[in-house]
Amino acid sequence: MESKKAGKYNIMITAQDLGGNVYVEGPHNIWVDPNSDLPVCGITNPYPEMRVVGNLNIVGTCVDDDAVQYVELILDGNTEAPVRANGKEFWSYFLNTEGLPEGKHTIEVYGVDVNGLKGNSVKTSWILDRNKPVTEVKNIGIGAIISGNVSLQGLISDGNGIASMN
């Protein structure tokens with residue numbers, strides 16, 4: 001079936017024994033899918049848009065009918081330097097996030113089978129959020145005595161942006 005185009009085929013099966021008896025079975029529908037032999041990966045952790053406050057253990061699975069040789073990850077689109085996961089069918093990769101900037105990051109994963117066939121990749125994104133927002137009041141000093149309505153002026157910042165200030 002390797003020479004057939006992708007699609008649905010209808011087959012008949014004919015068997016003949018040594019006595020000359022013939023049996024016909026079918027018709028049967030089969031589907032030819034050239035992508036069915038590719039390794040298939042999944043990412044279990046982190047889930048999409050997960051907020052991560054520290055280091056990250058990336059975890060997933062990979063299946064293939066022949067056997068998985070290895071799994072590689074592309075972090076933040078760096079296709080020039082993929083990293084290899086530990087394990088095969090059940091794999092993991094420990095990511096030290098200390099040097100990463102806060103904000104959205106991506107993980108792309110693909111498996112390679114024992115015949116060197118590379119599967120389609122799967123992607124997810126996650127958000128590094130190590131630090132709390134920083135606030136600083138500029139127009140009133142610490143310990144100032146105030147009364148009535150006061151308008152505060154200052155700065156507020158966060159590596160992931162500011163959603164609101166109350």
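We use all heavy atoms of the structure for the numbers below, so side chains are in, but hydrogens, waters and symmetry mates are not.
Contact record, Leu128 with Gly54: CD1-O, 4.0 Å, taken as the closest heavy-atom pair. Contact detail for Lys123 and Ile43: the closest heavy-atom pair is C-CD1, 4.4 Å.
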Check step by step if side chain to side chain contact (heavy atoms under 4.5 Å, CB included) holds for Ile58 and Trp91. CA-CA 8 Å; Ile58 305 166; Trp91 57 266; 3.8 Å; yes
CA sep, side-chain torsions, deciding dist, call: Asn55, Arg130, side chain to side chain contact (heavy atoms under 4.5 Å, CB included): CA-CA 9 Å; Asn55 293 329; Arg130 283 186 166 276; 3.4 Å; yes
Pair up each side-chain donor or acceptor in residues 137-155 with any protein partner under 3.5 Å, not counting sequence neighbours, and list the distances.
residue	atom	partner	partner atom	Å
Lys138	NZ	Glu136	OE2	3.4
Asn139	OD1	Gln153	N	3.0
Asn139	ND2	Ser151	O	2.8

Do any side-chain atoms of residues 71-82 form donor-acceptor pairs under 3.5 angstrom with protein atoms, and if so which ones, sequence neighbours left out?
residue	atom	partner	partner atom	Å
Glu72	OE1	Tyr110	OH	2.4
Glu72	OE2	Arg84	NH2	3.4
Asp76	OD1	His105	ND1	3.3
Asp76	OD1	Thr106	N	2.8
Asp76	OD2	His105	ND1	2.7
Asn78	OD1	Glu80	N	3.4
Asn78	OD1	Ala81	N	3.4

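No option in Asp64, Asp66, Asp37 other than Asp66 meets the side chain to side chain donor-acceptor pair (under 3.5 Å) test with Asn115. Only one option out of Arg51, Glu102, Met50 pairs with Ile127 in a side-chain contact (heavy atoms from CB on, under 4.5 Å); it is Arg51.
Linking ILVMFWY residues whenever their side-chain heavy atoms come closer than 4.5 Å, directly or via other members, places Leu95 and Val83 in the same cluster. The hydrophobic clustering, which links ILVMFWY residues whose side-chain heavy atoms are closer than 4.5 Å, places Phe90 and Leu56 apart. In terms of hydrophobic clustering, with Ile, Leu, Val, Met, Phe, Trp and Tyr side chains grouped at heavy-atom distances under 4.5 Å, Val109 and Val112 are assigned to different clusters. Under the 4.5 Å side-chain contact rule for hydrophobic residues, Val52 and Tyr47 share a cluster.
In this structure Gln69 satisfies the side chain to side chain donor-acceptor pair (under 3.5 Å) test with no other residue, sequence neighbours excluded. The side chain to side chain donor-acceptor pair (under 3.5 Å) search around Asn45 returns none, not counting sequence neighbours. Listed by chain and number, the residues in a side chain to side chain donor-acceptor pair (under 3.5 Å) with Ser121 are Glu108 (sequence neighbours excluded).
Note on residues 55-76: no pairs pass ring pair (Phe, Tyr, Trp, His ring centres under 6.0 Å), not counting sequence neighbours.
Contact of the Glu89 side chain with the Val63 side chain is not registered, since no non-hydrogen atoms from C-beta on lie closer than 4.5 Å. In this structure the side chain of Cys62 never reaches within 4.5 angstrom of the side chain of Lys88, judged on heavy atoms.
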